[in-house]
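To start, the structure itself, in C-alpha cells.
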Amino acid sequence: MTSADQPDAGANGGRFHDRTSDRREIDERYDAQRVETKWAERWQQDPALYAAETNSTKQKYYVLEMLPYPSGALHMGHVRNYSIGDALARYMWMNGYNVLHPMGWDSFGLPAENAAISANVPPRQWTLRNIANMKAQMNRLGFAYDWSREVTTCLPEYYRWNQWFFLKLWERGLAYRKKSKVNWCPKCATVLANEQVVNGCCWRHEDTPVEQRELEQWFVRTTKYAEELLRGLDHLEGWPEKVRTMQRNWIGRSEGTLVDFKLAYADEHKGFGPAGATITVFTTRVDTIFGATSIQLAPEHPIVNDLAAQNTDLRAKVDQLIAEQRKAKEAGDIGEIEKHGVSTGRYAINPYNGERIPVWVANYIVMDYGTGAIMSVPAHDERDYDFAKKYKLEIRLVILPVSNDPEETMAEPPLPFTTHNGVLINSGAFNGLMCDEAIKKMSEYAEQKGFGKATVTYRLKDWGISRQRYWGTPIPMLYCEKDGIVPVPEKDLPVILPENVEITLTGGSPLGRVPEFGKARCPKCGGPARRETDTMDTFVDSSWYFYRYTDAHNDRAPFDGKIAQYWFGDRGIDQYIGGVEHAILHLIYSRFWTRFMRDLGMITNDEPAERLFTQGMVIKEGAKMSKSLGNVVSPDEMVARYGADAARMYSLFAAPPDRDLDWQDSGIEGIQRFLGRVYRFVVRNARPSSAARSADALTPEARAIQRKMHQTIKRVSDDFQGRWHFNTCISAIMELVNVLYGAEDAIVRKAIPSGFLVEVQRHLVLLLAPFAPYLAHELWEMLGEKQSLLRAPWPKYDAELAKEEEIEIPVQINGKLRSRVTVPADADEAFVLERALADEKVKAAIAGKQIVKKIYVPGKMVNLVVR
RNA sequence: GCGAAAGUGGCGGAAUUGGCAGACGCACCAGACUUAGGAUCUGGCGGGUAAAACCGUGGGGGUUCGAGUCCCCCCUUUCGCACCA
C-alpha cells in the first residue's frame with residue numbers, strides 16, 4: 001500500500017511511536033508524496049531554474065518533445081515522451097551544456113469546438129482551462145521546462161505569425177487558391193489534407209469514410225520542395241530509418257516519360273470537347289510502348305467526360321466505375337477490386353509507330369496519380385495482362401529476357417515479363433536496345449519529335465490548408481469585387497479570431513456567420529471586400545513552433561534570426577522526441593516550412609532536427625489504451641499511488657523507449673520498491689560530516705563497490721550517448737544498489753571507509769538524477785550538498801577503477817561449457833590455457849582424447865577442440 | 001502484393017562487435033525479522049535429473065572451434081504503403 005493511503009506514515013513527519021525499533025523503521029520508509037510535493041513547491045518558486053541562458057559561452061543543446069494538444073489531461077504516452085526528453089535534458093545540464101528544453105500547446109483544433117457544442121463552453125475558455133490543468137500535471141511530474149518560453153498557438157501573439165508566414169507564402173507564389181476535389185470529413189465538417197486521410201477515412205474518425213467534394217481552397221505548394229525533401233532524407237542519419245522510408249514512400253518519386261496519344265478521327269467525329277484530343281500518358285516503361293495495345297483512362301479523366309457527353313450508355317457505365325472506385329477507397333482496399341473496364345469505342349494513335357489502339361476506361365486507373373491515363377502493355381505489366389486476358393485484347397511481346405546463358409537468351413519468357421533485364425524486339429528502330437538504354441533513347445526521341453518528354457512525378461501533392469472550422473488561424477485574405485484576391489496588409493495583422501461565435505457542424509465555416517468579421521475594406525481600392533472565413537489547418541501551427549521557443553516574446557517578427565541561429569545552427573534541434581504517428585504529417589510539413597524559412601533568409605539550417613527519436617506506444621494488456629476498452633491508466637492516479645518518480649522511471653524501465661510498452665501496475669510497484677531501497681540506504685548511511693572523499697587505501701570490500709560504481713557510470717553514460725536503452729541503464733543502477741545492500745555487513749563492521757561511502761552515495765544520486773529527480777534532490781540535500789543537483793557535474797567514468805582484478809573464464813570442450821577458471825585480469829593466453837588444462841573437470845572431460853585445437857578469446861573464453 | 005520491424009522463461013525484458021542464454025524487474029516458492037505483514041531482508045526460480053547427462057532463443061537447413069546473433073528457405077505478429085502506371 002502506498003504511503004499516501006497511510007496517514008500515520010507521513011502526516012506526522014514519521015515521529016509518533018515511542019519504541020525505537022519502530023521509529024527507525026518508519027523513518028526509513030520513503031514517503032514519496034511528502035518529498036515530491038515539498039520539492040515541487042520549491043521548484044515552482046524559482047521560475048529561472050530551468051531557463052536556458054542567453055549570451056552563453058557554453059555549448060548549446062536543444063532538446064525538444066513534441067508539444068501536446070491540450071485535450072484536458074496528460075496520458076501515459078505523454079508521460080513516457082516527456083520522461084525521455086527530461087532525462088536527456090537533465091543529463092545534458094549535468095554535462096555542462098546550455099540546454100533549451102521548452103514546452104508549449106498545440107491548442108487550435110476541433111476538440112475545442114466539439115466541447116463548445118456539447119458542453120457549451122467557448123473554445124478559448126475550454127482550451128485555456130485544459131492548458132492550466134495539464135501544466136499543473138507536468139509540474140507535479142517534475143519536468144524541467146523553461147516556462148518563460150511557453151508557446152500557446154491559439155493566442156494572437158502566436159498565430160499572427162502564421163498569418164505573416166501566409167503572406168510570405170503568397171508573395172512567393174507558394175500559396176494559391178484553386179477549385180478541386182478535396183477530402184471532406186462529414187464528422188469534422190471540414191476539408192482534410194491528403195496526409196490526414198488514413199485508409200480512406202479521417203485521421204480523427206477512423207471509421208468515417210472521407211468524401212470527395214469540389215471546393216475552392218487554399219493550397220501551399222509543398223511540391224516545390226518535393227525533390228529537396230526527398231534528397232534531404234539521405235542525410236538525416238539521426239532519424240529512424242522507418243520514418244525516412246515512410247517519407248520516401250509518401251513523396252513517391254517516380255521517373256518516367258510523358259507521351260501524347262492523339263485521338264483518331266477527332267475531326268470527323270467532332271469527338272473532342274473542352275479536354276481536347278490529346279491523351280497524355282505517364283509511363284515508367286516507355287521501352288515497352290511498341291507493345292501497347294490499348295489506352296486506359298481513369299473514369300474521372302476529363303476526356304472521358306467529353307466522350308461520355310455524347311454517349312449516355314458510356315456515361316452510365318463510367319459512373320458505375322467511379323462508384324466502384326469510391327466504394328473500394330472507402331473500404332480501404334483499392335488493390336482488391338476486380339479489374340474491369342469499358343471500351344469508349346474510340347481509338348488513339350501511338351506516336352512511335354502510328355498504330356491505332358482502342359481507348360478504354362478502367363477502374364484500376366486513378367486520376368490522382370500521373371496523368372490519369374496509361375498505355376496498356378499486357379505482355380509486360382501484370383495488371384495490364386490480367387485486363388487484356390479478360391477482354392481478349394492483343395498481347396504483344398516486345399522485350400526478351402537476357403541471361404548469362406546464351407542458350408536461354410532468345411527464349412520466350414512466361415508472361416507477363418516485367419523486369420528491366422531484357423532486350424527490345426518488335427520495336428522498329430529501337431530493336432536490340434537494352435531496356436534502360438531504350439528508355440533514355442526513346443524519351444529523347446519523343447522530345448525531339450515534340451510528342452513527349454522524360455519527366456518525374458511525385459505522389460506528394462500540394463498541402464490543402466483551408467479548414468471550414470472556427471478554432472484556427474484566420475487566413476489573412478480578402479476578396480474585393482474589383483481587385484479580386486487581396487492580402488491583408490502586414491500592418492493590419494493579426495486578423496483576430498472573433499469570440500462569441502455560434503459553432504455548428506453544418507452550414508460551412510462558422511466565421512461566415514459573423515457579419516462584422518466578414519466585412520472589410522479593400523486595401524487597394526478602399527471599396528467593400530469580403531474576408532476569407534476559412535481557417536488554417538492546425539498543422540501550420542506546429543510547422544514552425546520550435547523556432548518561436550528561441551525568441552518567444554518577439555512582437556516584431558516570428559523570432560530573431562540571430563537567436564535562432566544560436567539554437568539551430570546549421571543542423572537544427574539537437575534531439576527531437578515524439579510519437580511515430582507524426583512520421584508523415586507534422587514531420588513533413590515542418591521540413592517543408594524549414595526550407596521555406598531558409599529561403600526567406602530567416603535561418604540557415606535545411607532540416608528542423610538533426611536527430612529524431614520516435615518512442616513506442618503505451619499499451620495495456622496488448623491493446624491500445626482507450627476509454628471504450630476501459631484500460632486507460634491515468635498519470636494522476638499513478639502519481640498519487642506511487643509518486644512521479646516511480647511513474648516516470650517505470651515508463652523508462654519497462655521497455656526500450658522505441659518499443660511499445662505494456663503497462664503493468666505490478667511493474668511500477670517494483671520501481672517504487674527500488675526507490676524506497678535507495679532512500680533507505682542513504683538514510684542509514686548518509687554522513688554529511690564525513691567530508692573526506694579521497695579514495696585512500698580502500699579495503700577489498702570498498703574496492704569491489706568502487707569497481708561496480710564505475711562500471712555503472714559507464715553503462716548509464718553510454719546509453720545516453722548511444723542507443724538510449726534506459727531500461728538497461730536503470731537495471732545497471734539497480735545492480736549497483738544490490739551490491740551496496742550486499743555490503744551492509746561490511747559497512748557495519750566499518751570495512752568501508754566513511755569518506756568513500758559518501759562518495760558512492762553522491763555518485764548514486766547523480767546517476768539517478770535524470771530518472772528520479774525528486775528522490776535525487778531529497779537525497780542530495782540529505783548528503784549535505786549545497787550545490788544545485790541540476791547543474792552538478794555528471795560523474796566521470798574511470799576505466800582503471802572499473803577494471804576487474806580477477807576474471808572468470810569459461811572453458812568449453814568442443815563448444816560445450818565444461819568448467820570455469822579464475823585468472824588475473826591481465827593473464828596472457830599461455831597462463832589461461834595452462835590453468836584451463838589443469839582444471840579437474842577439464843582433465844576428466846578430455847581424458848584419453850587428443851587436443852586438436854586450443855582457442856582463447858582474450859578475457860572471454862577458452863574452447864578446446866578434442867578428438 | 002511491396003517495404004520495415006519483431007518472435008528469447010509464467011510475464012516485461014537483457015545478452016551493443018559470433019564467445020558463459022535468461023542481466024534487471026514482476027509473479028511465484030522458501031526462510032528470517034521473539035506477534036502480524038499488502039513492510040523489509042536473505043535465498044531459490046527455463047525444462048529435465050537424486051545428482052549428472054541431456055534439451056532449450058518461432059520452424060527447417062547451413063557456415064563456424066563456437067550461432068539468439070551470420071547465410072538460405074519457411075511460419076507467425078505488428079506497423080507503414082498499396083491498382084503508383
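These values consider heavy atoms only, across backbone and side chains, with no hydrogens, waters or symmetry-generated copies. Letters A, B, ... are given to chains in the order of the sequence lines, protein chains preceding strands, and every chain is numbered from 1. Nothing here was measured: the structure is a model prediction, and the numbers come from that model.
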*Hey, mind stepping through A:Asp839 and A:Lys841 against salt bridge (Lys or Arg N to Asp or Glu O under 4.0 Å) and telling me if it holds?*
CA-CA 6 Å; A:Asp839 183 83; A:Lys841 283 189 204 149; over 6 Å; no
*Could you go step by step and tell me if A:Thr712 and A:Tyr797 meet the side chain to side chain contact (heavy atoms under 4.5 Å, CB included) rule?*
CA-CA 9 Å; A:Thr712 308; A:Tyr797 161 67; over 6 Å; no
_A:Asp719 and A:Arg723: CA distance, side-chain angles, deciding distance, salt bridge (Lys or Arg N to Asp or Glu O under 4.0 Å) verdict_ = CA-CA 5 Å; A:Asp719 257 313; A:Arg723 47 175 211 165; 3.3 Å; yes
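Between the side chains of A:Glu324 and A:Asn363, at least one donor N or O lies within less than 3.5 Å of an accepting N or O. For the residue pair A:Asn183 and A:Gln212, a side-chain donor N or O sits within less than 3.5 Å of a side-chain acceptor on the partner.
If you take atom C1' in B:U42 and the same atom in B:A6, they sit 38 Å apart, rounded to whole Å. Only the P atoms considered, B:G46 is 13 Å distant from B:G9, to the nearest whole Å. Annotation: B:C26 and B:U40 have their P atoms spaced 10 Å apart (nearest Å). To the nearest whole angstrom, the two P atoms, one in B:U69 and one in B:G7, are 11 Å apart.
Following rounding to the nearest Å, A:Lys389 (NZ) and B:C83 (P) show an atom-to-atom distance of 25 Å. At whole-Å resolution of the value, CG in A:Leu740 and P in B:C41 are 13 Å apart. Between the CH2 atom of A:Trp724 and the C1' atom of B:U16 there is a distance of 17 Å, given to the nearest Å. For A:Leu321 and B:C83, the CG to C1' distance is 13 Å, given to the nearest whole Å. Distance CZ (A:Phe674) to C1' (B:G25): 11 Å, rounded to an integer number of Å. Computed from coordinates, the A:Asp660 CG to B:G80 P distance equals 11 Å when rounded to whole Å. Atom CZ of A:Arg659 and atom P of B:U8 are 10 Å apart (whole Å). Atom-to-atom, CD of A:Glu669 to C1' of B:U40 comes out at 15 Å; the value is rounded to the nearest Å.
In terms of phosphate contacts, A:Arg818 brings no side-chain nitrogen or oxygen within less than 4.0 Å of OP1 or OP2 of B:C65. Phosphate contact (OP1/OP2 of B:G25, side-chain N/O of A:Asn738, threshold under 4.0 Å): present. Dashed line: the shortest gap from a side-chain N or O of A:Arg715 to OP1 or OP2 of B:A23 is not under 4.0 Å. Between B:A27 and A:Arg673, a contact under 4.0 Å exists linking OP1 or OP2 to a side-chain N or O. Here A:Lys853 reaches the OP1 or OP2 of B:C65: one of its side-chain N or O atoms lies under 4.0 Å away. Phosphate proximity of B:A85 to A:Thr457: absent, as no side-chain N or O sits under 4.0 Å from OP1 or OP2. Remark: A:Arg244 is not in phosphate contact with B:G3, judged by side-chain N or O atoms under 4.0 Å from OP1 or OP2. Remark: A:Arg680 is in phosphate contact with B:C41, judged by side-chain N or O atoms under 4.0 Å from OP1 or OP2.
Applying ring-ring contact (aromatic ring centres under 6.0 Å, His included) to A:Tyr650 and the options A:Phe674, A:Trp663, A:Tyr642 leaves one that passes, A:Trp663.
Set against B:A14, B:C81, B:U42, the side chain of A:Asn727 has B:A14 as its closest nucleotide. Set against B:C20, B:G12, B:G19, the side chain of A:Glu808 has B:C20 as its closest nucleotide. Ranking B:G13, B:C24, B:U40 by closeness to the A:Ala655 side chain, first place goes to B:G13. Set against B:G19, B:A85, B:A14, the side chain of A:Val857 has B:G19 as its closest nucleotide. Of the candidates B:C83, B:C24, B:U16, B:C24 carries the atom nearest the A:Ser731 side chain, counting heavy atoms from C-beta on. Each of B:C24, B:A15, B:A39 was ranked by its minimum atom distance to the side chain of A:Arg29; first place goes to B:A39. Side-chain proximity of A:Arg383 to the nucleotides B:G12, B:G19, B:C83 is greatest for B:C83. For A:Gln812, the side-chain atoms get nearest to B:C20 when compared with the rest of B:G12, B:C20, B:C79. Distance from the side chain of A:Met734 is smallest to B:G25 among B:C83, B:G25, B:U42. When each of B:G19, B:A85, B:A14 is scored by its nearest atom to the side-chain atoms of A:Pro656, the top-ranked nucleotide is B:A14.
Across all strands shown, the partner of B:G7 is B:C75, judged by Watson-Crick or G-U wobble contacts whose two distances both fall under 3.5 Å. B:A85 is unpaired under the criterion used here, namely a Watson-Crick or G-U wobble arrangement in which both key atom distances are under 3.5 Å. Under the Watson-Crick or G-U wobble criterion, with both distances below 3.5 Å, B:A27 has no partner in any strand shown. Searching all strands for a Watson-Crick or G-U wobble partner of B:C54 with both distances below 3.5 Å returns B:G47. Figure legend. B:A14 is base-paired to no nucleotide; pairs are counted as Watson-Crick or G-U wobble with both atom distances under 3.5 Å. In this structure, B:A32 and B:U40 make a Watson-Crick or G-U wobble pair, each of the two defining distances being under 3.5 angstrom.
Among the protein residues, A:Val865 comes within range of the sugar-phosphate backbone only, with heavy atoms under 4.0 Å from sugar or phosphate atoms but none that close to a base. Contacts of A:Gly252 with the nucleic acid, taken as non-hydrogen atoms under 4.0 Å apart, are absent. Among the atoms of the strands shown, only primed sugar atoms or phosphate atoms (P, OP1, OP2) are found under 4.0 Å from some heavy atom of A:Arg677. Across all strands, A:Lys816 comes closer than 4.0 Å only to sugar-phosphate atoms, never to a base (heavy-atom distances). Residue contacts shown for A:Ile365 include a base, since a base heavy atom lies under 4.0 Å away. Residue contacts shown for A:Met246 are limited to sugar-phosphate atoms, with no base heavy atom under 4.0 Å away. Within the nucleic acid shown, A:Phe653 comes within 4.0 Å of at least one base atom, counting heavy atoms only.
Nucleotide B:G22 carries an anti base; the chi torsion (O4'-C1'-N9-C4 or O4'-C1'-N1-C2) is more than 90° from 0.
Residue A:Arg867 places its CZ atom among 12 or fewer non-hydrogen atoms of other residues, nucleotides or ligands, all under 6.0 Å distant. Residue-environment remark: CD (A:Glu255) stays at or below the threshold of 12 foreign heavy atoms within 6.0 Å.
Taking 3.5 Å as the limit, the base of B:C81 and the side chain of A:Asn249 contain no donor-acceptor pair of atoms between them.
Using cut-offs of 30° and 60° for the angle between ring planes, the A:Phe387 and A:Tyr391 rings count as tilted.
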